Amino acid sequence: MEAKSQLQVHNSLSGQKEKFESIHQEFVGLYVCGPTVYSNVHLGNCRTFVSFDLIYRYLMHLGYKVRYVRNITDVGHLESDEGEGEDKISKKARLEQLEPMEIVQQYTLDFHQVMDRLNALPPSIEPTATGHIIEQIEMIRSILDKGLAYESNGSVYFDVLKYNETHPYGELSGRKIEDLIAGTRELDGQDEKRNPLDFAIWKNASKEHIMKWPSPWGIGFPGWHLECSAMSTKYLGETFDIHGGGMDLKFPHHECEIAQGTAALGVSPARYWLHTNMLTLNGKKMSKSLGNSLLPEELFSGNNELLDKAYGPMVVRFFMMQAHYRSTLDFSSEALGAAEKGFQKLMDAVRKLDQLQVVKESSFDVEAQIESYYAAMNDDFNAPILIANLFESVRYINLIADGKEKINAADLERWKTELKSFIFNVLGLQIESESGNDQFGQVMDLVLEMRQEARSTKNWALSDLIRDRLQEAGIQVKDGKDGASWS
RNA sequence: GGUUUCGUGGCCGAGUGGCUAGGCAGUGGUCUGCAAAACCACGUACAGCGGUUCGAAUCCGCUCGAAACCUCCA
């Protein structure tokens, strides 16, 4: 409970770290913009959701009851602002001659599967845009009532200039309305809009458009920013604690959400805005359209020319956790390889933890170790620092195993609980390739016993043969003070 | 062009005014039948130039370079 009061988060609204205080003491409302399900999620998409998984997990670790809402965008966003704009899911459905909902289903399943492999917890509510058309229409109506939107040819546009008269448009992304006007001057054209900055909150559907619904303004579909406003309001209230998403959604998506929410309800939707940074490949944002994206499946199977081998989901997760969520993270096979070794080292230490001998008195400050975990995470969810501190603990674990440091039973109990909690519950790591059954472990025990037998008769040829062959099979034998272990 | 951000040792990546980041790789050592693992020691990194300061990788200015957003994107 004490650690809870020390959490600091970086709020994009202020550009600074702020003390985190939830609206309702024990509860946190968390909304994260989810994926548009028109293709397989790539690794860059995954990073954002893994980052928020960490945040979600730590908030719960601190004792908060978190309602985590993450939407599925199953109405594609408009491709262009011109009249013939087509949404991505419609387009894909047309090309593949499928029902839009088949596309949505296929890639939603893929998304869930990938999240599961990366051990990202499912959100509390995962609403879809198409399931909330009525809520969106209601919200549009409310904005129209306030005079902050106008109808034009069966579409409804948000009146940015009018809104800006009473509320600063651009407060989240640091943009000034004059600059925005100057920047968009070239774009305009034959427009239904009063101003190029205005954005659609309801869009008139052309005949060919597949996904469409009736509305007071005719047949159409909701504008691209509206779904998040409608769904976050429905499930978390008019103002909730944390709204998150990728950096690339800051403008215009989140800026528009603030404007819509404020226009419709009179209050700003979220107190804290958290933005996760991009996963880059060769220094550039991983993006499907740029052709530099990696699919999680390719990573897990090693089936990509960028990779020298396959990497497990937990190694990938650990790799992501080694960078702070607000920094870009550059992907390379080399960096992943380094992460794999580090992850292995951490897991080895966790296994050792259960076999440590206890004595009467501890020779080092266990409590300080534990405090360092909380300090790291309380500083804007600084997982890389947490991991650095965990490696400090790894050193102590190894020293105890070597008989060079000591720990008492009470300290060990408490340490085990906290350490494991941070590794497995907060970082969300899992021990991989835990060949599941005890049978295998028993066989390994037997093999190592036989090797020990050979060693005791100085049959080095046999003992080395066993060790080398196991090595070839991917099993490493480690001789320690109290016998051999393997991993 | 505008907005936001970044440039850290061989690689990845923390740090935001004085005090060790950490991981991987490397070198030397201890241990070991040999090895692996583990432990110990080591590398004097902060794009460049100028300024503020007793003191700057950390603050300010300029220069160079990179990225994201300003069209859909996590």
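Sequence lines set the chain letters: A, B, ... in the order given, protein chains first and strands last, and positions in each chain run from 1. All of these numbers come straight from a predicted model, not from anything done at the bench.
Residues forming a side-chain hydrogen bond (donor to acceptor under 3.5 Å, both in side chains) with Trp273(A) (at least two apart in sequence, or on another chain): none. In this view, Ser332(A) satisfies the side-chain hydrogen bond (donor to acceptor under 3.5 Å, both in side chains) rule with no residue, not counting sequence neighbours. With sequence neighbours excluded, no residue forms a side-chain hydrogen bond (donor to acceptor under 3.5 Å, both in side chains) with Lys404(A). Under the side-chain contact (heavy atoms from CB on, under 4.5 Å) criterion, Ser124(A) pairs with Tyr56(A), Arg67(A), Tyr68(A), not counting sequence neighbours. Residues satisfying the side-chain hydrogen bond (donor to acceptor under 3.5 Å, both in side chains) test with Tyr58(A), not counting sequence neighbours, are Asn378(A). When the side-chain contact (heavy atoms from CB on, under 4.5 Å) test is applied to Thr48(A), the partners found at least two apart in sequence or on another chain are Phe52(A), Thr276(A). Considering only residues two or more places apart in sequence or on other chains, Met101(A) meets the side-chain contact (heavy atoms from CB on, under 4.5 Å) condition with Asp74(A), Val104(A), Thr130(A), Met211(A).
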Letter by letter from the 5' end, nucleotides 30-37 of chain B scores (B base, S sugar-phosphate only, - none; protein heavy atoms under 4.0 Å) ---BBBBS

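Secondary-structure stems of RNA chain B, taken as three or more successive Watson-Crick or G-U wobble pairs (i with j, i+1 with j-1) under a 3.5 Å distance threshold, comprise B:1-7 with B:64-70, B:10-12 with B:22-24, B:26-30 with B:38-42, B:47-51 with B:59-63.
With both ends at atom C1', the span from A56(B) to C46(B) equals 11 Å, rounded to whole Å. Atom name C1', nucleotides C34(B) and G10(B): the rounded distance is 30 Å, in whole Å. The separation of C42(B) from U32(B), taken at their C1' atoms, amounts to 23 Å, rounded to a whole angstrom.
Between C72(B), A14(B), C39(B), one nucleotide has an atom nearer to the side chain of Ile385(A) than all others, and that is A14(B). Proximity note for Pro252(A) (side chain, C-beta onward) versus C73(B), C70(B), U4(B): the nearest is C70(B).
When heavy atoms are screened at a 4.0 angstrom cut-off, Met278(A) is found touching base atoms of the nucleic acid.
Between the side chain of Lys285(A) and the base of C73(B), a donor-acceptor pair under 3.5 Å is found.
Pairs passing the salt bridge (charged side-chain N to carboxylate O under 4.0 Å, His left out) check and including a residue from residues 279-288 of chain A, sequence neighbours excluded, read Asp248(A)-Lys285(A).
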Pairs under 3.5 angstrom only: tabulate donor-acceptor contacts from the side chains of residues 168-177 of chain A to other protein residues two or more places apart or in another chain.
unit_1    : atom_1 : unit_2    : atom_2 : d
Ser173(A) : OG     : Arg175(A) : NE     : 3.2
Ser173(A) : OG     : Glu255(A) : OE1    : 2.6

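Separating the NZ atom of Lys284(A) from the C1' atom of G7(B) is a distance of 16 Å, rounded to the nearest angstrom.
For residues 314-327 of chain A, proximity to RNA chain B is found at Gln322(A), Ala323(A), His324(A), Ser327(A), defined as any non-hydrogen atom under 4.0 angstrom from a strand atom.
In this structure, Tyr396(A) and Phe364(A) have parallel ring planes: the angle between them is below the 30° cut-off, well short of the 60° mark.
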